[in-house]
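Structure record follows, encoded as structure tokens.
Every value quoted in this text rests on a predicted model; they were computed, and no experiment measured them. Throughout, residue positions are numbered sequentially from 1 according to the sequence presented.
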Amino acid sequence: MAEVPTAAISRLVTYLRILEDLEMRDISRTSSTDLAERAGVSAFQVRKDLAYFGRFGTRGMGYTVPILKRELMRVLGLNQTWNVVIVGVGRLGQAIANYPGASDYQFQYVGLFDVSPELVGRQVRDLTVRHIGELRDFVRENKVDMGFLAVPPERAQDAAQAMVTAGVRGILNFAPVVIGPRPPEGRVDGNAAQEIGDDWRGVIVENVDFLAGMKRLAFYTLNPHLKDSPVPEDNA
């Protein structure tokens, strides 16, 4: 498979959402032009994004909605169950845990972790909040595919390190701060950097920064002409 741009994956998620809406309205066929109009891109871009993963439609006839939806679910890995832990069970963490749509995409919450004595031991969505010190043993005894990080910025790095050390390889970071491999405080030698680097090797971090999104929105609201324009059509 050719290297796939990150932006293309984001657009696949948008196409999937559109297909789900079409299916709910009993619309069985669509086209690259229709998907493009609904997604705010060009038909050429839709075809290019889908072409990274195969051929899903028929020239001149478009796409069968249920089939394309099923194929995008497969490409995105949403045809299998993903076990998720949430680290940080304050207001945001609880809102994420109680979000009703996660299970529709095979995301299954299996553990909740925090450091607050006021939260540890509480029940949230039929799960008991555990102390983060139990995370490593929990991951050793249970299959955990990814973790959601919903802690204050000043605690994000330590919490992320605890997740990585425990064996969590995918992190969705809701804290407005950059997390990543860092040498222990006071150690700057090459061995320390290598040890930390090994710990983080293969870890995928996705950042969800609401404030950054608001800042971009403010900029493009003031400068709408600078927003990316659709890719021009080809001759196909």
Hey, does [Y] have a side-chain heavy atom less than 4.5 Å from the side chain of [X]?
X    : Y    : answer
Y15  : D49  : yes
V4   : I9   : yes
T165 : D199 : yes
D21  : I27  : no
V120 : R122 : no
S32  : F44  : no
I179 : L149 : yes
M163 : F113 : no

Let's go through Q123 and V129 carefully: what are the C-alpha distance in whole Å and the side-chain angles of both, what is the deciding distance for side chain to side chain contact (heavy atoms under 4.5 Å, CB included) to 0.1 Å, and is it a yes or a no?
CA-CA 6 Å; Q123 291 288 120; V129 180; over 6 Å; no
Within this structure, what is the [atom1]-[atom2] distance for the pair [X] and [Y], rounded to the nearest 0.5 Å?
X    : Y   : atom1 : atom2 : answer
Q108 : W82 : CD    : CH2   : 13.0 Å
L35  : R47 : CG    : CZ    : 11.0 Å
L22  : R25 : CG    : CZ    : 5.5 Å
R17  : L12 : CZ    : CG    : 12.0 Å
R70  : L16 : CZ    : CG    : 13.5 Å
Y63  : F56 : OH    : CZ    : 9.0 Å

Is [X] atom [atom1] crowded by more than 12 heavy atoms from other residues, nucleotides or ligands, each under 6.0 Å away?
X    : atom1 : value
R136 : CZ    : no
N223 : CG    : yes
Q80  : CD    : yes

Check the pair E71 / F53 against side chain to side chain contact (heavy atoms under 4.5 Å, CB included), numbers first and verdict last.
CA-CA 9 Å; E71 290 303 309; F53 306 97; over 6 Å; no
Could you walk me through whether L72 and V13 pass the side chain to side chain contact (heavy atoms under 4.5 Å, CB included) check?
CA-CA 8 Å; L72 292 191; V13 174; over 6 Å; no
According to the salt bridge (Lys or Arg N to Asp or Glu O under 4.0 Å) rule, which pairs have a member within residues 141-151, sequence neighbours left out?
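Every salt bridge (Lys or Arg N to Asp or Glu O under 4.0 Å) pair that includes a residue of residues 141-151, provided the two are not neighbours, is K143-D145.
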Looking at every heavy atom in both [X] and [Y], which two are closest together, and how far apart are they?
X    : Y    : result
A8   : Y52  : CB-CE1, 4.3 Å
V139 : A166 : CG1-O, 3.2 Å
V87  : V151 : O-CG1, 3.5 Å
A156 : V177 : CB-CG1, 3.5 Å
A160 : W200 : CB-CH2, 4.0 Å

Heavy-atom donor-acceptor pair, [X] side chain to [Y] backbone, under 3.5 Å:
X    : Y    : value
D114 : L119 : no
R125 : A97  : yes
T64  : I67  : no
R169 : R201 : yes

Check whether L172 and L76 end up in the same hydrophobic cluster, where Ile, Leu, Val, Met, Phe, Trp and Tyr are linked by side-chain heavy atoms less than 4.5 Å apart.
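Hydrophobic grouping puts L172 with L76.
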Are I86 and F210 connected in the hydrophobic side-chain network, where two residues link if heavy atoms are under 4.5 Å apart?
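Both belong to a single hydrophobic cluster.
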Parallel, tilted or perpendicular: ring planes of F174 versus F148, cut at 30 and 60 degrees:
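Judged by the thresholds at 30° and 60°, the geometry between F174 and F148 is perpendicular.
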Looking at residues at least two apart in the chain, or sitting in another chain, which of them share a side-chain contact (heavy atoms from CB on, under 4.5 Å) with L127?
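Per chain and number, L127 pairs via side-chain contact (heavy atoms from CB on, under 4.5 Å) with Y109, L112.
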Indicate yes or no: does E23 engage K69 in a salt bridge with an N to O separation below 4.0 Å.
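Yes, this pair counts.
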Could you name each residue pair satisfying side-chain hydrogen bond (donor to acceptor under 3.5 Å, both in side chains) that touches [range], not counting sequence neighbours?
range            : result
residues 88-99   : none
residues 205-219 : N173-N207
residues 146-156 : none

Could you go through V144 and V84, starting from their C-alpha distance and side-chain angles, then the distance that decides it, and tell me whether this counts as side chain to side chain contact (heavy atoms under 4.5 Å, CB included)?
CA-CA 6 Å; V144 174; V84 180; over 6 Å; no
Results of side-chain hydrogen bond (donor to acceptor under 3.5 Å, both in side chains) for T81 - residues two or more places apart only
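For T81 the side-chain hydrogen bond (donor to acceptor under 3.5 Å, both in side chains) partners, ignoring immediate neighbours, are Q106.
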